[in-house]
Amino acid sequence: MDDTTDLVQGMRQAARYIHSFWQQTVVLAIPGELVQQGLLPTLAQDIALLKAVGIRVVLVHGIGPQVEEQLALRNAKSEFHNGIRITDAIALECVKEVAGENCLEIEAAFSQGLANTPMANATVRVLSGNLLTAQPLGIIDGIDYQYTGVVRKIDTKMIRAMLDANAVVLLSPLGCSPTGETFNLTLENVAQFAAAALSAQKLIFLTEQQNLCDSEGQIQNEWVMQELRELTSHHPLFSFAAPSIAALKGGVERVHFVPFNQDGALLIELLTQRGSGIMVTEHQLDRLRRATIDDVGSLLTLIEPLETEGILVKRSRQLIEQEIEYFTVIEHDGILLGCAALYPFADEKMGEMACLTVLPDSRNQGEAKRLLHHIENRARQMGIQQLFVLTTRTAHWFIKRGFRVATIEELPQDRKRMYNWQRKSQVLIRQLN
């Protein structure tokens with residue numbers, strides 16, 4: 001497969017996400033570490049590409065490591081409580097200075113226009129201003145946070161006008177109160193508040209590479225809000241848990257944690273099914289369900305490549321419509337990832353599992369195994385005692401999962417009469433307990 005073919009296939013796979021995200025708002029939170037490591041130019045190129053496909057971007061930048069550098073130059077040091085900086089007068093001066101410098105660096109990154117780079121012919125305007133109103137965090141647990149604040153309100157009308165003008169809106173972790181005081185805000189607080197206020201489709205935190213594991217220690221890239229609540233305080237993503245949950249409860253559809261030190265991770269997360277980071281939703285996205293007549297078109301798209309290869313028997317649209325009640329599908333965020341059918345033979349208490357199909361990107365993620373288990377459970381509920389499959393290519397996969405090699409004579413009478421002697425499919429049977 002040459003580079004051109006890869007490009008075409010990649011663009012086709014990304015198309016459904018591009019259509020889905022058209023004119024949707026994404027709030028992107030970038031930490032000061034990303035700026036410190038010189039990764040802004042590459043990020044600006046990726047954001048320019050996202051804007052080119054119609055995504056509206058609000059950028060929130062952090063300044064943590066830069067503030068520490070400025071404090072060190074002044075022989076000063078901040079104190080933290082519960083992971084939040086206690087901002088005294090010296091720290092506030094550092095915050096103001098660093099925030100301005102970071103804003104200029106971000107604007108410079110989006111001003112690139114060199115030929116033979118992704119920024120060629122891209123005109124990306126970055127707009128900012130006094131868009132946040134802040135209030136003091138106050139005294140908590142006897143700790144006076146001084147000039148550390150939280151967002152009180154956000155000028156959503158102005159931000160939407162900027163987005164309508166096709167600009168990237170830049171928000172700094174600084175806000176002023178109605179009395180004219182300036183407060184240091186956390187990156188997480190600004191991003192969460194902005195995402196909820198703007199009804200953003202996604203809130204994305206760019207972070208160091210992190211993994212979340214399930215109870216069995218397996219890496220799990222999709223989590224629901226309740227699982228995020230259960231993170232312990234020593235987990236690197238713990239500080240993001242509360243703002244992420246607040247964003248989801250505030251109407252944001254998805255929260256993502258994307259590694260900023262992986263090239264192209266933002267594009268991979270948004271424009272591919274597999275993604276590159278961790279996604280958190282309020283409710284589970286995957287679901288196994290019975291197919292409906294509305295799924296016929298997607299089922300045809302799913303199974304046609306395997307029919308072309310001769311792995312599956314050709315099924316017409318009319319046949320699938322007639323047999324739709326036998327099909328089960330796995331749906332993920334509105335996209336069918338896989339399917340399988342169960343045909344019962346009541347007299348012999350046997351059932352045939354057919355048309356087990358999973359999208360290529362999902363074949364190593366356990367979806368086929370989930371479908372098999374679901375079909376087995378469904379068969380048991382129907383009183384089926386033996387499940388059989390006919391296959392030309394995947395016998396080993398089924399044998400590993402408890403099927404045994406059988407003969408054609410062991411098939412139900414009606415199925416024996418329909419056996420395709422030209423295909424010479426292998427018969428495998430599993431006893432259901």
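For the single chain, residues carry numbers from 1 onward in sequence order. Atoms considered below: every heavy atom in the structure, side chains included; atoms not considered: hydrogens, waters and symmetry mates.
Using bins of under 30°, 30° to 60° and over 60° for the plane-to-plane angle, the ring pair F205/F257 lands in the parallel bin. Taking the six-membered ring where the residue is Trp, F398 and F403 present perpendicular rings, their angle passing 60° and hence far from 30°.
Counting only N and O atoms by type, the side chains of Q226 and R229 include a donor and acceptor under 3.5 Å apart.
One distance of note links CG of L271 with OH of Y17; it measures 9.0 Å at 0.5 Å rounding. In this structure, CD in Q386 is found 8.0 Å from CG in L432, a value given to the nearest 0.5 Å. From I159, atom CD1 reaches atom CG of L132 across 6.5 Å, with rounding to the nearest 0.5 Å. Distance CZ/F327 to CD1/I375: 9.5 Å, rounded to 0.5 Å. Between T328 atom OG1 and D295 atom CG the span is 10.5 Å, to the nearest 0.5 Å. Distance OG/S172 to CG/N184: 11.0 Å, rounded to 0.5 Å.
Closest approach of T301 to P305, counting heavy atoms only: O-CD, 3.3 Å. Closest of all the heavy-atom pairs between I30 and L43 is CG2-CD2, 3.6 Å. Across V313 and E307, no two heavy atoms sit closer than the pair O-OE2, 3.4 Å. Annotation for M225 and L248: closest pair SD-CB, 3.9 Å, computed over non-hydrogen atoms. Considering every non-hydrogen atom in both V27 and A191, the closest pair reads CG1-O, 3.8 Å. Of all heavy-atom pairs spanning V258 and L266, the tightest one is CG1-N, 3.9 Å.
The environment of I90 atom CD1 is sparse: at most 12 non-hydrogen atoms of other residues, nucleotides or ligands sit within 6.0 angstrom. Within a 6.0 Å radius of CZ in R160, other residues, nucleotides and ligands contribute more than 12 heavy atoms. The number of heavy-atom neighbours closer than 6.0 Å to CG of D263, taken from other residues, nucleotides and ligands shown, is 12 or below. The number of heavy-atom neighbours closer than 6.0 Å to CZ of R315, taken from other residues, nucleotides and ligands shown, is above 12.
Residues I143 and N82 form no side-chain contact, since every pair of their non-hydrogen atoms from C-beta on lies 4.5 Å or further apart. The shortest distance between side-chain heavy atoms of S244 and Q192 does not fall below 4.5 Å. Counting only heavy atoms from C-beta outward, the side chains of R404 and I429 approach each other to under 4.5 Å. Proximity of I140 to I84: side-chain heavy atoms (C-beta onward) are nowhere separated by under 4.5 Å. Inter-residue side-chain proximity for F21 and V53 is flagged as unmet; no heavy-atom pair is nearer than 4.5 Å. Between N221 and M279 the shortest side-chain heavy-atom distance does not fall below 4.5 Å. In this structure the side chain of Q262 never reaches within 4.5 angstrom of the side chain of E269, judged on heavy atoms. Under the 4.5 Å side-chain criterion, counting only non-hydrogen atoms from C-beta, F110 is in contact with L59.
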Go through the steps to decide whether F240 and I278 satisfy the test side-chain contact (heavy atoms from CB on, under 4.5 Å), and finish with yes or no.
CA-CA 12 Å; F240 296 96; I278 298 162; over 6 Å; no
Check step by step if side-chain contact (heavy atoms from CB on, under 4.5 Å) holds for E101 and Q66.
CA-CA 10 Å; E101 290 177 355; Q66 291 87 349; over 6 Å; no
Applying side-chain contact (heavy atoms from CB on, under 4.5 Å), run through L288 and R378 and close with a yes or a no.
CA-CA 12 Å; L288 279 163; R378 187 175 163 191; over 6 Å; no
List the steps and the verdict of side-chain contact (heavy atoms from CB on, under 4.5 Å) for L92 and K96.
CA-CA 6 Å; L92 182 61; K96 290 179 180 178; 4.0 Å; yes
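Remark: side-chain polar atoms of N102 are paired, donor with acceptor, to backbone N or O of G62 under 3.5 angstrom. Between the side chain of D155 and the main chain of N130, no donor-acceptor pair closer than 3.5 Å is present. For the pair Y145 (side chain) and H81 (backbone), a donor-acceptor distance under 3.5 Å is present. Looking only at distances, no side-chain donor or acceptor of T394 sits under 3.5 Å from a matching main-chain atom of W397. No donor-acceptor distance shorter than 3.5 angstrom exists from the side chain of T133 to the backbone of R152, with no hydrogens or angles considered.
With salt bridges taken as basic N to acidic carboxylate O contacts below 4.0 Å, none links E93 and R74. Under the 4.0 Å criterion applied to side-chain N and carboxylate O atoms, R289 and E331 are assigned as salt-bridge partners.
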